[in-house]
Structure formats: C-alpha cells, structure tokens
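Below, chains carry the letters A, B, ... as their sequence lines are ordered, and counting in each starts from 1. From a predicted model like this one, the values you see are computed outputs, not experimental measurements. No hydrogens, no waters, no symmetry mates; every other heavy atom, side chains included, goes into these values.
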Amino acid sequence: MGTTSISLCDVGRTFGATRALAGVDLDLKPGVTGLLGPNGAGKTTLLRLLATALPPSRGQVSVLGLDPEVPAERTDIRRQLGYLPQEVGFPRGFTAFGFVDYIALLKEWTQPAARHAEVRRVLGLVGLSDLSTKRLRAMSGGQRRRVALAQALLGAPAALILDEPTAGVDPEQRVTLRTVLAEIARRSIVVLSTHQTEDVAALCERVIVLDRGLIRYDGPVTDLVAQAAGRVWLADDPDPAAAVSWRTGTGRYRNVGGRVRDGAEHVEPSLEDAYLLLRGGAPERQPTGELA
Amino acid sequence: MTGWHLDDDLLRRYAERTDSLAEGASAEQHLLSCGPCRARVNAAAGVIDVAAVWTRTQDTVEVPRPSVLERVLRVAGLPAHEARLVAVASAFRGAWLAGVATVLAFAGVAAAFGHARGMWLFLAVAPIVPCLVVASSYDPWLDVAFEPELVTPYPALRLVLLRTIAVLALALPLVLLFGLVVPGAAAFAWLLPATGFVAVVLAASTWVSPLRSACAVSAAWLAVIWLLAARSDAPEAVLQARAQAGFLILAAASFMIFLIRRRRLRQLRPWG
Amino acid sequence: MDSRRSDEQLLLAVAERDMGAFRALYERHAGWLAIRLARRCNDRDLVADAIQDTFVAVWQRPQGFRGDGDIAAWLWGIAIRRLVSRLRTPGGVAAVLGSAESAPAAEDQVLLSVEYGDIGQALARLSPEMRAVIQAVVLDGLTAREAAQLLHVPLSSVKTRLYRAKAHLRAALAEGSS
C-alpha cells in the first residue's frame, strides 16, 4: 500500500474570479490536524481538495502516495478515504442504518453479512446503535451529523477528512467523538475543520490556521498557544489597549494582545486566545469573543 | 411473589428435560413470573445459538427491505448490492412516477379522442419524459446525498448508466403503453427523439447539472412543437424520415461526447 | 445486559424504536423461551426460527401487550403461536411426533403445582396423548384448533381427548376428595 501521508505542493484553487486557495504547501502524517479559520477562509475548499472531490487549479496533490488526477489512482485513494462534507442531505425515507448501509454499498462492501456488521460497528462508534432504525428526517441535527460521520468511518480509512464534524453535537457526544478520533489517528491521517477551539485543543497535535486562502500558521498546538504567553490578562474592565477583550463568566474581562500594561494579572493562554491574537494582528478593536 | 424459587437441581433437570411431569409444569408456571429464575435458566442450556438468532433478528428489523423495483432488478440479473444502488435513485420515488404517468395519460387520452391538439400534446410530452426522468436519477440537486456519494470508489459512470437504463426500462414501456392509444405513426415516432434527448442530457451532464440540461432540452423541444403546431395542423413534419434520421445522428453524437468526457462525472462541480 | 430497566420499561423503549432496549429484552427472554419451546418440539432449527419470529413480532407490535400480567407470559403466548405457525409446514410435524415416545417424563407435561398431589397423580395416569392435549390447551393456552395443529391430530380428536381427559380428571378428583 502507499505511504500514509498527504502532501500539497503550491496548490491553488479558483472559482471564476474568486481565489479560494492560493499557494498552499502542506504535508500531513498520521495524527489529528485541526483546521481553523474564519468563514470564507478556504477550509471547505481545502478539505474538498484533500478528499478528491475537487481538482486543484494549479499545483500538485498527493494522497496516500497516489495522484488524484489519474482515474485509477483516484479510485484507489477513495477506497482508503472517508469524507464528511460540510452539508449532507439525506434522501427521504432512510433510516440511520439504511443510509450508512447505502454508502457502504458505494464503498464496495458487497457481502451483506460483512457490510451489516461494519455498519453496526461505525454506528456504535458514534453512539447511535440504539437509534439505527430511526428515520433520519426524525432526528436532531446533531444526530444526523453523527450519522454522516459514521459513513466517513466505514472501512477504517487511512485518511479521514472531516468538515465540521462536531457542529450541532452536544458536549457529551463531542467527548465520545474525540475519543474515537484519537484512536483512529494512531494509524490514520485525520484532518478536521471546526469553529470550536476546545475541540482542537483537546484533540489535535497540530493546527493549521487558514485565512483568505493562505496558511497563516501550521505547526504544533502548543507552539501556537505559546505565542500568546504573557499576552493574556484579566481585569475588572475591558482594557482599551488590548487587541481583543470580552466579558467572561466570572464577570471579569479577559484581554488579549495589544499593549500589555505593567503589573497586569496574567493568565495561562488558551488556544482560543492564541487564535484570536493571530487573527487580530495589530492592536485594533476586533469583534469581541466570537470566532468569526 | 412467594419466596419459592427453583433450586439448582430442579433447574438442571428442567433444562435437561429429565424432570417429572409435575415438576416441569410447576417450573414453567413459576418462570412466567420470576425474572431471576429466568436468568438462571437462560444461563443453563444452549438449545439454540442465541447470538446467531439475535443477528438474524437484528437483520430483519434493521436492514431496509428491498423495494419492488429492487427485486425486479435482481430478477433481471443485477447483483443484489447493485440493484439496491440503482433502485435508490430519486427518480424511482412513487410520487415522481405517478406524476409522469398522469401527464402521459392526459396526453394519450386527448390524442385518442382524435383532436389534433391531443396529437401535438402527446408528441410534445412523450419525447421529453425519458430525459427528465433520467436526469432526476442522478442530479445533485435532487440526489441530496451527493457529496459523500461522490467520494466513493464506486464507478460513477456505471451508476449513471445503470440508473439510466433502469429508468428507461421503467419509463419507456409506460410511454409506449399510452402511445398505443394514439392513432397512427405518432405512437412510435417519439422514440428516436426521446433517445436523442437522453443522450444529449448525458453528454451535457459533463458540463452542467443534468436537471438543468434536461429542462433546457425540454423547453427547446416544446418550443419547436409549438412553432410547428402553430404553422400546420398535421404533425407529419416530425414523423418524416429526415427528421427521424436527424434524431438518430443527434443521439449517436451525444453519446460519443458523453463517453469521451465521462471523467468529468467524478468531480464536484463540473457543473455550477 | 441492561439490568436497570424493567421489562415494561424496555417494551416502552422498543415502541420508541430503541435498539438497545430491544436487545436487552431479547437477552432476557430468548434463552428460557427457547428451552420451553424445545420441550414441545425436537427440531432446534424450528425453535430458532420461532424465537426469531417472536422477537420480530415484538418489535413490530410492542403495543400488543395490554399491560395485564407478566410480559413473560405475553412473550410465551407469541412464541408458542409462532412455533405452531412454523409447524404447519410438513417438516414440522415429525418434530412434535418424535417427542411423544422419547424422553419419558419431560415431554408429557401436566399442569399445576406439586401441592395438588391428587391432580398430579390423576394426570400422571392419563395417556401421553391425553396429557399432550391438556398441556397444549390448558398450560399453553392454545385453542383446540391450534392444539390440533401442534399435535398433528384432527380437531375432532383433540376435542374428544379433551372431553375424556376432563372426565377422567373429574373422576379422579371426586375419588380423591371422598
């Protein structure tokens, strides 16, 4: 089998006049990589490229040692790849089991007994074994997201590309998913995009920050967090010198970046702080609190 | 609930069927209302493979039942898993087919009544039905599970062709049936145009979404029919050999283009 | 094994399409139901099929349980009837017939507890055929028609035997009490 890595070499993608990705270089190995960035940064486009759903406008993509431009190799890639798109629609009248079974058919699970066992396995991984016969249209958004994740997990793929896998999923389930993904990442490449920095902090060794089609940061999570060391402090009021500040649950204000006042009450930076700092750049006012 | 329970000895004899008449009956009566004793009996003997029966039960309950179309396809020779893939396309929803049938019935009956308008209506509708139904069987807008489906190893070309064939196998007899009530050559004159349009849609789907191209083709055809009907009363123009030959060439050329560009089917957004 | 919920709670969950509850119900009851069925039918495959049919029926109509009595009794009612359905096929007949001669005491069953020694003894003196009818109709709650199918005897035979068995029992009881 090919090597377990994904590499992008000066990859770009444009849609008409819009440049979604520009000159991206990437080299992914087994483990979990988080993809952060504002809406429109190109995360979904990048993930689609990795999942062979989209060809690049320029540059080279190599997935598991194979070239997606060659049809035979593209099919080989897809045999070892699981993809969770940002939006998944479900055909009418399908149950959770039925839908995952359908995708399993497309993934060449031709033997019914083996296929059904595999479908049950992945439904078990996402905690939906009990709801296998429930109609998708009758499920909550989070449950549907988990069904969509289950189909990506079919066949224990070597490359798992997930676009916002935890969107709408409740906190308990997110913890379960993190465990599942961590286990898979021991042998497979897992790339996930999310708006939740806690997911990245809890799960990923490596984080990529994307902004307007360019990579702003690519490296260990700990290093990114370290960039914010000494630049986060608490105060009773929002500090005008800070780049970003917001009111926390305790009633005090958390301030990040900008000009740090002497004698300020420093706190340990979180990944969210570091991310905001990276996005904030110069000490101007930014929309508070939100990961835009 | 008394404090009386099956002792181990009686339980063993019960499970091994070496108990006496009265013992067995009293054991069974007791078991009907005592959970703990039932659990002990469960643990005792292995009359059946409980786990294997569970798997079969689970299958009966969880696995989706094959639809009528799926069973027909299996009988027609398609392997079970492919029959399911083909049958699941949205074009095979009952509502769709009912709509198609209604339209055709309306047109056919009108034609049967001898009105020239009816004839025109039938000629307008019959050729575009197959291409519309084919387009709906794999259009991303209607096929909501499109994106995860796309990134699977199953050959898209094979899926599209199988669905097209299955849809045509369904739609054609339907149209033919209604066509039989239509007098004259019109009953079959629509076949070549229909084939041509299906081929055009298949070819166009390597550029734009199938439903879009099917709608465009349909609109163009309706416009042509409208013009012809406005100019003359008799639909002979369509039935002429030259016109029919033209449709045949259209079909062949379009299908060639489709085969040449079939790679495009595998990428998201070869269509907008 | 889900030991926290009662059978009733599991059944309610099954009505809500809860696969886990369904499995728990199965694991609680499939074993003893199979054993009890096997005491009426030698063919293990038929017993397995009947168990499968039983639980599929439970899944499809959990509301069939009216809330009266034990769920175990309700399940047994479904199971024995499913076995009878399966026995309608030619192959099934031999399975029941075979049981008549073989294992002595166990196959021929009699109702009521050992406290009622009189009846126990009275019934013990019934012929195997009589006992089988009593068991089918009284113990298992089958109708005469269903008993006829299970035992593969004509309906008229069942009725006759039932009549005679009751007469025999009445006599034995009258004897015992006087």
Side-chain angles (χ1 to χ4, degrees), chain B residues 1-68 70-71, chain C residues 1 3 6-7 17 19 22-23 26-39 44-45 47-56 58-60 69-70 72-73 75-76 102-117 119-121 123-124 126 131 135 138-140:
Chain B
M1 174 73 91
T2 64
W4 190 89
H5 290 285
L6 300 176
D7 62 55
D8 291 327
D9 204 40
L10 175 57
L11 193 133
R12 185 183 45 80
R13 285 204 302 279
Y14 176 77
E16 291 171 2
R17 293 183 251 170
T18 53
D19 51 347
S20 73
L21 316 142
E23 282 179 331
S26 81
E28 290 191 345
Q29 275 305 104
H30 175 76
L31 284 173
L32 283 181
S33 45
C34 178
C37 282
R38 285 197 294 266
R40 289 163 61 210
V41 166
N42 280 342
V47 170
I48 59 168
D49 184 348
V50 173
V53 174
W54 167 249
T55 307
R56 280 158 41 194
T57 309
Q58 210 182 2
D59 279 349
T60 311
V61 154
E62 266 186 333
V63 176
R65 309 274 89 209
S67 63
V68 171
E70 208 179 312
R71 277 177 278 164
Chain C
M1 174 80 84
S3 50
S6 71
D7 282 346
R17 298 287 147 236
M19 207 57 206
F22 184 52
R23 181 173 198 153
Y26 178 88
E27 284 174 355
R28 271 191 207 175
H29 295 282
W32 72 267
L33 282 171
I35 290 173
R36 190 165 172 174
L37 281 179
R39 293 163 65 94
R44 299 195 167 196
D45 291 334
V47 169
D49 290 342
I51 294 289
Q52 184 184 334
D53 291 347
T54 303
F55 281 91
V56 170
V58 167
W59 175 268
Q60 287 169 345
D70 287 302
L75 287 173
W76 168 249
S102 54
E107 293 308 315
D108 308 303
Q109 308 238 356
V110 81
L111 179 60
L112 305 181
S113 70
V114 290
E115 295 161 13
Y116 298 96
I119 296 190
Q121 277 175 1
L123 287 169
L126 290 175
R131 276 201 292 266
Q135 175 198 315
V138 181
L139 231 192
D140 296 342

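The nearest pair of heavy atoms linking C:Ala73 to B:Leu32 is CA-CD2, 3.7 Å. Nearest approach of B:Val50 to C:Ala30, heavy atoms of both residues: CG1-CB, 4.2 Å. Residue C:His29 comes nearest to B:Asn42 through the heavy atom pair N-ND2, 4.2 Å, listed as atom of the first residue, atom of the second, then distance. Contact between B:Ser33 and C:Asp70 at its shortest, heavy atoms only, is CB-OD2, 3.1 Å. The two residues C:Ala34 and B:Val47 make their nearest non-hydrogen contact at O-CG1, 4.1 Å.
For C:Asp53, no part lies near chain B; criterion is any non-hydrogen pair under 4.5 Å. With a 4.5 Å cut-off on non-hydrogen atoms, C:Arg23 touches chain B through its backbone and its side chain both.
The side-chain heavy atoms of C:Asp49 and B:Arg56, taken from C-beta on, include a pair separated by under 4.5 Å. Contact annotation: the side chain of C:Met19 approaches that of B:Val61 to within less than 4.5 Å [non-hydrogen atoms, C-beta and beyond]. When side chains are defined from C-beta on, C:Arg36 counts as touching B:Glu28, because their heavy atoms get closer than 4.5 Å.
Of the residues listed (C:Ile51, C:Val58, C:Val56, C:Thr54), the one engaging B:Thr57 in a side chain to side chain contact (heavy atoms under 4.5 Å, CB included) is C:Val56, and it is the only one.
Here the CG-CZ distance, from C:Asp7 to B:Arg38, works out to 6.0 Å after rounding to the nearest 0.5 Å. Going from atom CG of B:Leu31 over to atom CH2 of C:Trp76 covers 11.0 Å, rounded to the nearest 0.5 Å.
We find that B:Asp49 and C:Arg44 are not joined by a salt bridge, their nearest charged nitrogen and carboxylate oxygen being 4.0 Å or further apart.
Checking side-chain atoms of C:Arg28 against main-chain N and O of B:Gly35 turns up no donor-acceptor pair under 3.5 Å.
For the ring-ring contact (aromatic ring centres under 6.0 Å, His included) test, residues two or more places apart in sequence or in another chain that qualify with C:Tyr26 are B:Trp54, C:Phe55.
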